[in-house]
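These notes concern the structure reproduced below.
Keep in mind the model is a prediction, meaning the values are calculated, not measured.
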Protein chains: 2
Amino acid sequence: MTRQRRLILQVMDNAEQHLDVDQIFERAKRIDSGVHLVTVYRTIELLKKQGLIDELDLLHLRGDRHYYETHGPRDHIHVACLKCGKVREFESRLYEQLKSQIEKDFGMKVTISRTEVGGYCAHCQTLRAREVEEVRMLTLDAEKPAARTPKKRVRKS
Amino acid sequence: MTRQRRLILQVMDNAEQHLDVDQIFERAKRIDSGVHLVTVYRTIELLKKQGLIDELDLLHLRGDRHYYETHGPRDHIHVACLKCGKVREFESRLYEQLKSQIEKDFGMKVTISRTEVGGYCAHCQTLRAREVEEVRMLTLDAEKPAARTPKKRVRKS
DNA sequence: GTTAGTGCAAACCTTTTGCAGCTCT
DNA sequence: AGAGCTGCAAAAGGTTTGCACTAAC
């Protein structure tokens, strides 16, 4: 347990949300500028193997990077809004039942599980409905297909 | 709808398992050597946006590649064995209920969902080490991505 | 003929690696 | 001291982009 590892773990524990590698790096650097990005990668790899943290993709909504969170006592589902990007967590007995069913049906022991769900949250649904309505009004006679959301490229500097 | 796109779709439809980009590329090339990797990427991007294919990570068991499958009529869960790497699919009414519960609790409309589960399958729990190794050879090596072979460092001009 | 898709090379970003020097126990 | 970690530079791997050319409708 070195100074750097302690720091990285501390950053992740204090995080109020899911961080990607660069975010962890930035926060660690702010406290101790002598921490190297490579060390963050290596530490994350280690923690992942030990099962102390979980890795998420969040459905690649924000690009293909990975996000990390400290492994809590209970499994939860990540629910993301496709529009505003907000991620919420969800626990359910149904989820536990589902995993039990898999174990029973396949005769297997489940040790990892990840479920990520995307959709439009209550707030964005009303926004979207309004937009759709506007588009419809504009194109009543044109018979145009619905506008696609432009691809947003999430790229680090 | 071009020759290339038709071909790429055909490859994915005929696939008996989840393919990554390079596997799709290799198979397409075998049929029409004039297909370019970039076109595969662009086509996948397109199909993904249209919701015609789904993207999987398979819990990163085989590295950080992405895998693709044509989007069937019903959602299913991917269940992977951590030992032999075999991936099976699982459908359940519980899963539908779970998604309904999320929609109800959050007042949201769920449009994408992905769940991937890892564990030890019935075989791997009981097989002896040597037999496990054989299964691994059969399932993982069949079309395993090229191993990362470190080479002598050579300065690039 | 216009619009959209393709091939190519090169850029880009993220993650991994070899190695030398430094830390922790 | 010895094992293990770290920082560094650079490689490797995967994905995207700019641009000229070609194919599709």
- Query: Do A:R42 and D:dG7 have a side chain to base donor-acceptor pair shorter than 3.5 Å?
  - Reply: yes

- Query: Rounded to whole angstroms, how far apart are CD1 on A:I44 and P on C:dT16?
  - Reply: 10 Å

- Toward the 5' end of DNA chain D, by each residue's nearest nucleotide, B:M1 or B:D22: B:D22

- Query: Taking only N and O in the side chain of A:R65, is any of them less than 4.0 Å away from OP1 or OP2 of C:dC13?
  - Reply: no

- Message: I need the single residue from B:L94, B:T115, B:D75 that forms a side chain to side chain contact (heavy atoms under 4.5 Å, CB included) with B:K99. Which is it?
- Response: B:D75

- May I have the distance from A:L47 (atom CG) to D:dC5 (atom P), rounded to whole angstrom? 12 Å

- Heavy atoms, side chains only, cut-off 4.5 Å: are A:Q17 and A:Y67 in contact? no

- Return the angle between end axes of the helix from C:dG1-D:dC25 to C:dT25-D:dA1, with five pairs used per end and rounding to 10°. 40°

- Spacing of A:K49 atom NZ relative to C:dT16 atom C1', expressed in whole Å: 12 Å

- Give a yes/no on whether any side-chain N or O of B:Y41 is located under 4.0 angstrom from OP1 or OP2 of D:dT15. yes

- Measure from the side-chain heavy atoms of B:H36 and tell me the nearest of C:dG7, C:dT16, D:dT16. C:dG7

- Item | Gap between atoms CZ and C1', on A:R3 and D:dT6 respectively (whole Å) | 9 Å

- Query: Below 4.5 Å, heavy atoms only, C-beta onward: do B:I77 and A:L98 meet side chain to side chain?
  - Reply: yes

- Whole-Å distance between C:dC13 C1' and A:R62 CZ? 18 Å

- Item | Sub-6.0 Å ring centroid separation between A:Y41 and A:F25 | no

- Once you round it to whole Å, what is the distance between C1' of C:dT15 and CD of A:E55? 12 Å

- If you check the B:L37 side chain, which of D:dG7, C:dT14, D:dT15 turns out closest? D:dT15

- With a cut-off of under 6.0 Å to the ring centre and 45° to the axis, is A:R74 in cation-pi contact with A:Y95? no

- Note on the structure: Testing C:dG5, C:dT14, C:dC8 for proximity to the side chain of B:T2, the answer is C:dG5

- Calculate the interatomic distance between A:E45 atom CD and C:dT17 atom C1'; express it in whole Å. 13 Å

- Task: Determine the minimum heavy-atom distance between A:K48 and A:Y68, stating which atoms define it.
- Result: CD-CE2, 4.1 Å

- So, the side chain of A:E69 versus the backbone of A:D13: is there a donor-acceptor pair under 3.5 Å, distance only? no

- Message: On DNA chain C, does the nearest nucleotide to B:V38 precede the nearest nucleotide to B:D64 from the 5' side, or the other way round? Give the residue.
- Response: B:V38

- Take B:V21 and B:R6, find for each the nucleotide of DNA chain D with the closest heavy atom, and name the residue whose nucleotide sits nearer the 5' end. B:V21

- Whole Å only: how far is the CZ atom of B:F25 from the C1' atom of D:dT16? 16 Å

- Message: Which nucleotide wins on minimum distance to the side chain of A:Q4, given the candidates C:dG5, D:dT6, C:dC8?
- Response: D:dT6

- Message: If we count only N and O atoms by modelled type, under 3.5 Å, do the side chains of B:E116 and B:H78 hold a donor and an acceptor together?
- Response: no

